[in-house]
Amino acid sequence: MNNNRKDDSDRALTVTGVQIDGGMPRDKAIQRGREHAQTYRAASAHLNRAIDALNSKDYPRAIGEFQQALQHNRESAEGHFYLGLTYFMIGNYVEAAASYKRAIICEPSDPMIHLNLGIVYQLQEHYDEAIGAYQRTIALSPNNAEAYSRLGSVYTAQGKRQEAVAAYKNAVRIKLLADTESQTDA
């Protein structure tokens, strides 16, 4: 018996022609692929209907469609994010935060999700959590003036004047740089 795994894998793929993926029967692999494609199409259809409902401010329908999309694809950062946005629009900040947290698990490097989570925390007066979310937003997107501005407003609410001034100065600096760059591009 040959102990070289590459040779064994090559034989499974090419010698017999009936097995792939280290021993999975070809027909079973094809069936699994078809099931995944069907699940993806169903999730995508629900997601599109949910976004349409959200845009038309039919929030109950949007929530139902997002939940259906997520039944088909639990790892959809987009589905969790928009579900959170829908809950935010109806003032259900607890569910909004939960949805944003699930979106972050799926896509931890998206600064917009962290920003929205920070906004929800801020509205709930969970200031320490809001600060953390805004700081993660800034770490992922250092030129995000809105994150600095919102961070400044949380520090203001906490009575942390020095931190608030520093955050606001960063927001203004970034905004002025962006405005200057857009004027030179025009």
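Quick note: residue numbers are just sequence positions, from 1. Any value given below was found using the heavy atoms of this structure, including those in side chains, with hydrogens, waters and symmetry copies removed.
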Response to the item:
Contacts satisfying salt bridge (Lys or Arg N to Asp or Glu O under 4.0 Å) that involve residues 127-145 (not counting sequence neighbours) are none
Would you give me the side-chain donor-acceptor pairs under 3.5 Å for residues 49-56, sequence neighbours excluded?
unit_1, atom_1, unit_2, atom_2, d
Arg49, NE, Glu65, OE1, 3.4
Arg49, NH2, His46, ND1, 3.1
Asn55, ND2, Ile51, O, 3.3
Ser56, OG, Asp52, O, 3.2
Ser56, OG, Ala53, O, 3.1

Item to complete: Please identify each residue that fulfils side chain to side chain donor-acceptor pair (under 3.5 Å) with Ser149, with sequence neighbours left out.
Response: none
Worksheet item: Between Val154 and Ala130, which heavy-atom pair has the shortest distance, and what is it?
Response: CG2-CB, 4.1 Å
Discussion item. With clusters defined by side-chain heavy atoms of hydrophobic residues (ILVMFWY) lying less than 4.5 Å apart, directly or transitively, does Leu117 cluster with Met89?
Written reply: yes
Worksheet item: Going through the distances and angles, do Asn170 and Ile138 end up as a side-chain contact (heavy atoms from CB on, under 4.5 Å)?
Response: CA-CA 11 Å; Asn170 279 322; Ile138 292 165; over 6 Å; no
Worksheet item: Which residues pass the salt bridge (charged side-chain N to carboxylate O under 4.0 Å, His left out) test with Glu146, sequence neighbours left out?
Response: Arg150
Worksheet item: What closest approach, in Å, do Lys175 and Ala145 show between heavy atoms, and which atom pair accounts for it?
Response: N-CB, 4.3 Å
Discussion item. Please give the remaining members of the hydrophobic cluster of Val172, linking ILVMFWY side chains under 4.5 Å, ordered by chain and number.
Written reply: Leu176
Discussion item. Let me check something: do Val120 and Leu123 share a hydrophobic cluster, defined by ILVMFWY side-chain heavy atoms less than 4.5 Å apart, either directly or through other members?
Written reply: yes
Response to the item:
When rounded to the nearest 0.5 Å, the distance separating OG of Ser141 from NE2 of His114 is 11.0 Å
Discussion item. Just to verify, what does Lys57 make a side chain to side chain donor-acceptor pair (under 3.5 Å) with, not counting sequence neighbours?
Written reply: none
Worksheet item: Which atom names give the shortest non-hydrogen contact between Leu115 and Ala147, and what distance separates them?
Response: CD1-CA, 3.9 Å
Report, one line per pair, each donor and acceptor closer than 3.5 Å where one atom sits in a side chain of residues 100-107; sequence neighbours left out.
unit_1, atom_1, unit_2, atom_2, d
Tyr100, OH, Leu85, N, 3.3
Tyr100, OH, Asn116, ND2, 3.2
Lys101, NZ, Tyr121, OH, 3.4
Glu107, OE2, Ser109, OG, 2.9

Worksheet item: What are the two closest heavy atoms between Ala43 and Asn73, and how far apart are they?
Response: CB-CB, 4.0 Å
Worksheet entry | salt bridge (charged side-chain N to carboxylate O under 4.0 Å, His left out) partners of Lys169, counting only residues at least two apart | none
Practice prompt. Kindly work out whether a path of hydrophobic side-chain contacts (I/L/V/M/F/W/Y, heavy atoms less than 4.5 Å apart) joins Tyr59 to Ile119.
Written response: yes
Worksheet, complete the sentence: For Pro142 and Ile174 the tightest heavy-atom approach is O-CD1, 3.5 Å
Worksheet item: In this structure, are over 12 heavy atoms from other groups packed under 6.0 Å from Gln135 atom CD?
Response: yes
Worksheet item: Are side-chain heavy atoms of Glu163 and Leu151 found at a separation under 4.5 Å?
Response: no
Discussion item. For residues 76-87, which residue pairs pass the side chain to side chain donor-acceptor pair (under 3.5 Å) check, not counting sequence neighbours?
Written reply: Gln67-Tyr87
Discussion item. So Phe81 and Asp110, do their side chains get closer than 4.5 Å, heavy atoms only?
Written reply: no
Item to complete: Take Ile131 and Gln158 through the side-chain contact (heavy atoms from CB on, under 4.5 Å) test and state the conclusion after the steps.
Response: CA-CA 11 Å; Ile131 289 169; Gln158 289 184 318; 3.2 Å; yes
Worksheet item: With Arg173, which residues qualify under salt bridge (charged side-chain N to carboxylate O under 4.0 Å, His left out), at least two apart?
Response: none
Discussion item. Per the ring pair (Phe, Tyr, Trp, His ring centres under 6.0 Å) rule, what does the pair list look like for residues 128-151, sequence neighbours excluded?
Written reply: none
Discussion item. Please enumerate all residues that pass ring-ring contact (aromatic ring centres under 6.0 Å, His included) together with Phe88, with sequence neighbours excluded.
Written reply: Tyr93
